[in-house]
*Asks:* 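Just dropping this structure here.
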Amino acid sequence: MMLTVNGEAREFRDGMNALDIAGEMQGDLKKKALIARLDGEVISLVAPIAGGKELEILGFEDAAGRHALRHTASHVLAQAVLRLNPKAKLAIGPAIDNGFYYDFDVEEPFTPDFLAAVEKEMQKIVKKNDRLERFELPREEAIDFVEQQGQPYKAELIRDLPSDAVISFYRQGEFTDLCAGPHLPSTGKVKAFKLLSIAGAYWRGDEKNKMLQRIYGTAFFDKEELDEYLRRMEEAKKRDHRRLGRELDLFAIFDEGPGFPFFFPKGMVLRNELEKYWRELHAEHGYVECRTPIMLNQHLWEESGHWDHYKENIYSTKIDDQTYCLKPMNCPGGILVYKRKTWSYRELPLRMGELGIVHRHELSGAMHGLMRVRCFTQDDAHLFITPEMIKDEVIGVHRMDDLVYNLFGFKYRVELSTRPENSMGTDEMWEAATAGLKGALDELGVPYTINEGDGAFYGPKIDYHLEDSIGRTWQCGTIQLDMNMPERFDMSYVGPDGEKHRPVMLHRTIYGSIERFIGILTEHFAGAFPLWLSPVQARIMTITNRADDAARALEARLTAEGMRVELDLRNEKIGFKIREAQMQKTPYMLVLGDKEAEQGACAVRSRKEGDLGVMAVEDLVRKLRAEIDSKAL
RNA sequence: GCUGAUGUAGCUCAGUCGGUAGAGCGCGUCCUUGGUAAGGACGAGGUCACCGGUUCGAAUCCGGUCAUCAGCUCCA
């Protein structure tokens, strides 16, 4: 059998699998090379390989290798659970980004003690180092096989596979699981693993289904990697915005208002700076701004379709026999602003922004610090455009998104969300709208994934996702193309032909919500915000009270420049004052002793670079001014 | 909303078998006037989340409620 291995043609015996081949090649391969790719696709090492194919032997460092490791770890987990609880029903157990999980249907929920016992049992399985063997069964035999094992969820999975699907199983010791692979060759390779948590999860991710018990874990090829990962997770917890919000005195959420965040004076500086930048940016890009009421008559929400599609999330109250709703979205208000007059095509595009406060009654379990709240400010905008303008306007909005995310040094991921089940409008509208967004993304050459059925009820959308400190992603920016609201509200503009035409609406945000964005920013910078955003930009501290007057003069000078300065005249040692300012992530610490007071200078310390030496006050002002104005990171 | 865990001082946490609470940091007063990440002494501060039950007696045991955390579902 001729096979091209790692780009080189080689002769092998018929019936060999990737593992055998890797074994024969041991001489020129690293011991770790145990994952393979066949004709570009990652395969199980124990799958048989025919001649005339391209085989690439990969190292464990490869992402596919880690994926196989974690998938094998999830099988070991399931095997261990079955040993301790033979009645457990297995659902699914995939590898995920940083680990793996397995879902079980059990009579009694798992306890932390059980988790520890499972981990011990897993160690036994790893020690035994059983080989994983792959085999295939025809559909009916496969169903019989899993039913004999008392695994109804597996039978359901097989029944839902397409009729031409290959149904494969992996066996290790006494345990066999339905699985497409690939896997590591034996359980002994799962050396460094840890079970992390227990959680509930609905069967097939549908809340109408039974809630199963999920065990999360992670696995690495060696102990050092695992320890390093666990250490990084611990470190990441220190960046948690809920913790930093309290430590840096920025914001908090109290029991008295679940999901309703409070912003303290320092947190308000962040908000105000973000809003100030937002207004400047939008003015530059041809936007105007409006403001619409927080509370509006229910009739408006019925007309917009929100009442039909979103009422579980709407807060409402009766006023003089009429029901009023706290707005969950800004668009109907914006539409009323649009409809106040007749528009000419000459006036379009109309780009109208609004920092709009919305209230949504989110499920209690969904709340998460500032990331998921019940009251937030969207940096919203509605673009009223002609159909011909769609592509250019979407591209224009994307460029603003890109500009803003780059300003903060964010990496972002783009998703295109298509028509959901519970939506309004015609197929034609949805197709046209989706094609419009797609066309813009393709023209921009932006990589994106498609999120089937996740659009807004009135139109498809492009979403921008940003990462938090532990790698969870949150949707921030969005561009939603809407041909439904203009129809429902009978909106129009007068075209060159003197006739009325239907405009198209673009709903969009860049920050998404000021609250969520501040949460992401706080974690991204670990509280050490760039100078232009820092709630306190400099802290002036004296060595003895003989420098107090000079310190006050310096404070006055910097304040006159519009800089945010704190004064620390306390009778404390300079080391202590520095420590506190450093822990508060103060960008600049300005130290004044006898020397500096005499010279009209100050000793400058940067939180990043440490002591920068003595600087004349006017030089300092210029330095800070330049850094603030450049919005440098 | 669902599954599990948690709730003690402003913060981080002890509190054994049921006998009405403790530390460190922070805060206040005083001493110390010092050169780039913690100077010292003394002091104040708690309806042990809330409601109910068991008990002679509950931070502790039981039930309920609320909130938080990790997920699921849903979403900016």
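Note on naming: letters A, B, ... go to the chains in the order of the sequence lines (proteins, then strands), and numbering restarts at 1 for each one.
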*Asks:* Less than 3.5 Å between a donor and an acceptor, one on the side chain of A:E596 and one on the base of B:G35, is that the case here?
*Replies:* yes
*Asks:* Considering the options A:K577, A:E596, A:R552, A:R570, which one meets the side-chain hydrogen bond (donor to acceptor under 3.5 Å, both in side chains) requirement together with A:T542?
*Replies:* A:K577
*Asks:* What integer number of Å spans the C1' atoms of B:U29 and B:G35?
*Replies:* 27 Å
*Asks:* Would you measure the distance from the C1' atom in B:C51 across to the matching atom in B:G19 and give it in whole Å?
*Replies:* 24 Å
*Asks:* Does A:R246 have a side-chain nitrogen or oxygen under 4.0 Å from the phosphate oxygens OP1 or OP2 of B:U12?
*Replies:* yes
*Asks:* Between B:A70 and A:R472, is there an OP1 or OP2 to side-chain N/O distance shorter than 4.0 Å?
*Replies:* yes
*Asks:* Honestly, is A:R214 close enough over A:Y101, meaning NZ or CZ under 6.0 Å from the six-membered ring centre and within 45° of the axis?
*Replies:* yes
*Asks:* May A:F376 be described as stacking on the base of B:A76, applying a 5.5 Å centroid limit and a 30° limit on plane angle?
*Replies:* yes
*Asks:* List the steps and the verdict of side-chain contact (heavy atoms from CB on, under 4.5 Å) for A:I253 and A:F260.
*Replies:* CA-CA 6 Å; A:I253 299 174; A:F260 302 110; 5.9 Å; no
*Asks:* Would one find a side-chain N or O of A:R546 under 4.0 angstrom from OP1 or OP2 of B:G34?
*Replies:* yes
*Asks:* Write down the distance separating the P atoms in B:G15 and B:U54, rounded off to the nearest Å.
*Replies:* 29 Å
*Asks:* Rounded at 0.5 Å granularity, tell me how far NZ in A:K87 sits from CG in A:N85.
*Replies:* 7.5 Å
*Asks:* Measuring only the C1' atom in each nucleotide, how far is B:G64 from B:U73? A whole number of Å is fine.
*Replies:* 26 Å
*Asks:* For atom P, what is the distance between B:G53 and B:U60, given to the nearest Å?
*Replies:* 14 Å
*Asks:* Any donor-acceptor pair under 3.5 Å linking the side chain of A:K327 with the backbone of A:T292?
*Replies:* yes
*Asks:* Return no unless some side-chain N or O of A:Q378 is found under 4.0 Å from OP1 or OP2 of B:A76.
*Replies:* no
*Asks:* Using OP1 and OP2 only, check whether a side-chain N or O of A:R372 sits under 4.0 Å from B:U68.
*Replies:* no
*Asks:* When rounded to the nearest 0.5 angstrom, what is the spacing between CZ in A:F529 and CZ in A:R607?
*Replies:* 9.0 Å
*Asks:* Can you tell me how far C1' in B:U65 sits from the matching atom in B:C11, rounded to whole Å?
*Replies:* 27 Å
*Asks:* For atom C1', what is the distance between B:G26 and B:A9, given to the nearest Å?
*Replies:* 11 Å
*Asks:* Measure distances between side-chain N and O atoms of A:R242 and base N and O atoms of B:C69, and say whether any donor-acceptor pair falls under 3.5 Å.
*Replies:* no
*Asks:* If you compare every side-chain N and O of A:K208 against the phosphate oxygens of B:U73 (OP1, OP2), does one of them come in below 4.0 Å?
*Replies:* no
*Asks:* Output yes when at least one side-chain N/O atom of A:S364 is less than 4.0 Å from OP1 or OP2 of B:G1, else no.
*Replies:* yes
*Asks:* Is the phosphate of B:A70, meaning OP1 or OP2, less than 4.0 Å from a side-chain N or O of A:H368?
*Replies:* yes
*Asks:* Quantified in whole Å, what is the P atom distance between nucleotide B:G10 and nucleotide B:U6?
*Replies:* 23 Å
*Asks:* For B:G1, does the base pair up with any side-chain atom of A:Y202 as donor and acceptor (N or O, under 3.5 Å, distance only)?
*Replies:* yes
*Asks:* Before accepting this row, confirm whether a basic side-chain N of the pair A:K461/A:D463 lies closer than 4.0 Å to the acidic partner's carboxylate O.
*Replies:* yes
*Asks:* Between the base of B:A70 and the side chain of A:S197, is there a donor-acceptor distance below 3.5 Å?
*Replies:* no
*Asks:* Go ahead and write out RNA chain B as dot-bracket, 5' to 3': ( ) for pairs within the strand, [ ] for ones crossing earlier pairs, | when the partner sits on another strand, dots for unpaired; Watson-Crick or G-U wobble, both distances under 3.5 Å.
*Replies:* (((((((..((((.....[..)))).(((((.......))))).....(((((..]....))))))))))))....
*Asks:* Would you mind reading off the distance between A:E247 atom CD and B:G26 atom P, rounded to a whole angstrom?
*Replies:* 14 Å
